[in-house]
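Working notes for the structure below.
Throughout, residue positions are numbered sequentially from 1 according to the sequence presented. Predicted model only: the values in this text are computed from it and were never measured.
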Amino acid sequence: MKNKTCYLFVFNGYSDWEPALAAASLQQFSEYEVRPFSIDGKAVISAANLQVIPQLSLAELDATLADIVILPGGAAWAEGKNREISPFIQDVLRKGKLLAAICDATLYLASQGILDNIPHTSNDLGLLKEAVPEYKGETNYVNKPAVTTDQVITANGAAGTAFALAIVSRLGLLENEQFAFWFGFFHKPEFQSLWHE
């Protein structure tokens, strides 16, 4: 039985491929239940034209129950949309829960000051500074596919596998040999030692 919760934010135009491997890993191989939510709880259309029917609306979320929140990328972030989630995200961070953002969702974190004082990455430092003039975290920028801190995981938009690896590593899922074998097909260099003698 699932006894932990992963909230996955979905919105019109969200980059559905970016959180897919992480979400499948958690749903299939762990005690985490992936629960998609949209701002109003209504269906959304992803960047690949897939209709997604969320389980929850923003108003129904409880940060106390959120073990991890995943924010996928999508053009909406750069357009200044989705800001309605800010009170919930701040509550998640206050409660010490894990937050994972990829691609343009990192622009949102930067705009909220969340990245100013922690190691992080994004699609490109120059683009990040241009898109978010108020961003003050340049000295903490790390030019890697994914970066993990105690509470925040960030990744660039081409790093869906690295993003998933960062999440499952942070949550201790690699201890599951069945999962390690399965995930190894997506990211063999890091996992060969786990399933080859």
Side-chain angles (χ1 to χ4, degrees), residues 4-9 14-15 18-23 25-26 29-32 34-35 37 61-74 77-78 82-83 85-129 131-176 179-180 183 186-187 189-191:
K4 293 188 177 181
T5 299
C6 168
Y7 287 135
L8 171 62
F9 184 38
Y14 87 94
S15 300
E18 292 173 349
L21 184 55
S25 297
L26 295 179
F29 293 97
S30 80
E31 57 194 337
Y32 291 84
V34 177
R35 306 197 69 192
F37 74 94
L61 302 183
D62 184 347
T64 304
L65 301 178
D67 294 286
I68 176 173
V69 177
I70 298 178
L71 304 179
W77 297 113
N82 295 334
R83 289 341 191 229
I85 73 167
S86 294
F88 171 68
I89 295 301
Q90 291 298 334
D91 199 18
V92 164
L93 293 174
R94 276 193 303 270
K95 288 180 166 59
K97 305 308 178 80
L98 186 61
L99 176 64
I102 184 170
C103 197
D104 278 0
T106 62
L107 303 182
Y108 164 71
L109 298 192
S111 74
Q112 302 299 299
I114 294 170
L115 303 182
D116 286 348
N117 299 302
I118 61 170
H120 62 275
T121 194
S122 185
N123 292 329
D124 176 80
L125 178 58
L127 292 175
L128 179 57
K129 292 168 64 178
V132 188
E134 64 271 32
Y135 166 69
K136 299 181 179 66
E138 181 175 357
T139 58
N140 292 307
Y141 188 89
V142 182
N143 191 24
K144 289 185 177 180
V147 174
T148 302
T149 67
D150 286 344
Q151 215 178 337
V152 178
I153 294 171
T154 51
N156 71 52
T161 302
F163 184 57
L165 177 60
I167 289 171
V168 299
S169 297
R170 176 68 176 75
L171 298 177
L173 192 52
L174 298 184
E175 298 167 10
N176 179 327
F179 169 74
F183 195 84
F186 299 94
H187 212 63
E190 280 75 6
F191 284 88

With Lys95 via salt bridge (Lys or Arg N to Asp or Glu O under 4.0 Å) - residues at least two apart:
Asp91
Heavy-atom pair of closest approach, residues Ala146 and Ala166:
CB-CB, 4.2 Å
Quick one: does Leu173's side chain get under 4.5 Å of Tyr32's, heavy atoms only?
no
Residues forming a side chain to side chain donor-acceptor pair (under 3.5 Å) with Arg35, sequence neighbours excluded:
Gln55
Across all chains, not counting sequence neighbours, the side-chain contact (heavy atoms from CB on, under 4.5 Å) partners of Ser111 are Arg83, Tyr108, Val132, Glu134
Please report the shortest heavy-atom distance between Ala101 and Thr106, naming the atom on each side.
O-CG2, 3.7 Å
Which residues pass the side-chain contact (heavy atoms from CB on, under 4.5 Å) test with Glu175, sequence neighbours left out?
none
Kindly compute the distance separating OG (Ser86) from CD1 (Ile114), expressed to the nearest 0.5 Å.
7.5 Å
Do the side chains of Ser30 and Asn176 get nearer than 4.5 Å, heavy atoms only?
no
List the residues meeting salt bridge (Lys or Arg N to Asp or Glu O under 4.0 Å) with Lys4, not counting sequence neighbours, and say none if there are none.
Glu31
Are any of the side-chain heavy atoms of Val69 and Phe88 separated by less than 4.5 Å?
yes
With sequence neighbours left out, which residue pairs that include part of residues 148-158 fulfil the side-chain hydrogen bond (donor to acceptor under 3.5 Å, both in side chains) condition?
none
Going through the checks in order, is the side-chain contact (heavy atoms from CB on, under 4.5 Å) test met by Leu165 and Phe183?
CA-CA 9 Å; Leu165 177 60; Phe183 195 84; 4.1 Å; yes
Which residues satisfy the side-chain contact (heavy atoms from CB on, under 4.5 Å) test with Pro87, sequence neighbours excluded?
none
Between Glu18 and Gly73, what is the shortest heavy-atom contact and its length?
OE1-N, 2.8 Å
Do His120 and Leu109 come within less than 4.5 Å of each other through their side chains, counting heavy atoms only?
no
So, using side chain to side chain donor-acceptor pair (under 3.5 Å) as the criterion, who are the partners of Thr139 when residues are at least two apart?
none
If you compare all heavy atoms of Tyr141 against all heavy atoms of Ser122, which two are closest, and at what distance to 0.1 Å?
OH-O, 3.1 Å
Working for side-chain contact (heavy atoms from CB on, under 4.5 Å), residues Leu61 and Val92:
CA-CA 10 Å; Leu61 302 183; Val92 164; over 6 Å; no
Counterpart residues, salt bridge (Lys or Arg N to Asp or Glu O under 4.0 Å), relative to Lys129 (two or more places apart):
Glu138
Sequence neighbours left out, what passes side chain to side chain donor-acceptor pair (under 3.5 Å) with Asn123? Give chain and number order.
Asp104
Exam field: side chain Asp67 to backbone Thr5, donor-acceptor pair closer than 3.5 Å:
yes
Working to the nearest 0.5 Å, report the span between CD1 of Ile68 and SG of Cys6.
5.0 Å
Any non-hydrogen side-chain atom of Leu125 less than 4.5 Å from a side-chain atom of Asn143?
no
Heavy-atom closest contact (Leu115 atom, Val152 atom, distance)
CD2-CG1, 4.5 Å
Between the main-chain N or O of Pro72 and the side-chain N or O of Trp77, is there a donor-acceptor pair closer than 3.5 Å?
yes
Is any side-chain heavy atom of Leu71 less than 4.5 Å from a side-chain heavy atom of Ile89?
yes
Where do Phe29 and Val168 land on the side-chain contact (heavy atoms from CB on, under 4.5 Å) test, with the steps shown first?
CA-CA 10 Å; Phe29 293 97; Val168 299; over 6 Å; no
Restricting to non-hydrogen atoms, name the atom on Leu26 and the atom on Leu171 that form the minimum distance, rounded to 0.1 Å.
CD2-CD1, 3.7 Å
Any side-chain heavy-atom pair of Leu8 and Pro19 under 4.5 Å
yes
pair Phe163-Leu21: side-chain heavy atoms closer than 4.5 Å
no
Pairing residues for Asp116 by the side-chain contact (heavy atoms from CB on, under 4.5 Å) criterion, not counting sequence neighbours
Tyr135, Lys136
Mind telling me whether Tyr7 and Phe37 have parallel, tilted or perpendicular rings, with 30° and 60° as the class edges?
perpendicular
Partners meeting side chain to side chain donor-acceptor pair (under 3.5 Å) with Thr121 (sequence neighbours left out):
none
Nearest 0.5 Å, what's the CD1-OG distance between Ile102 and Ser15?
8.5 Å
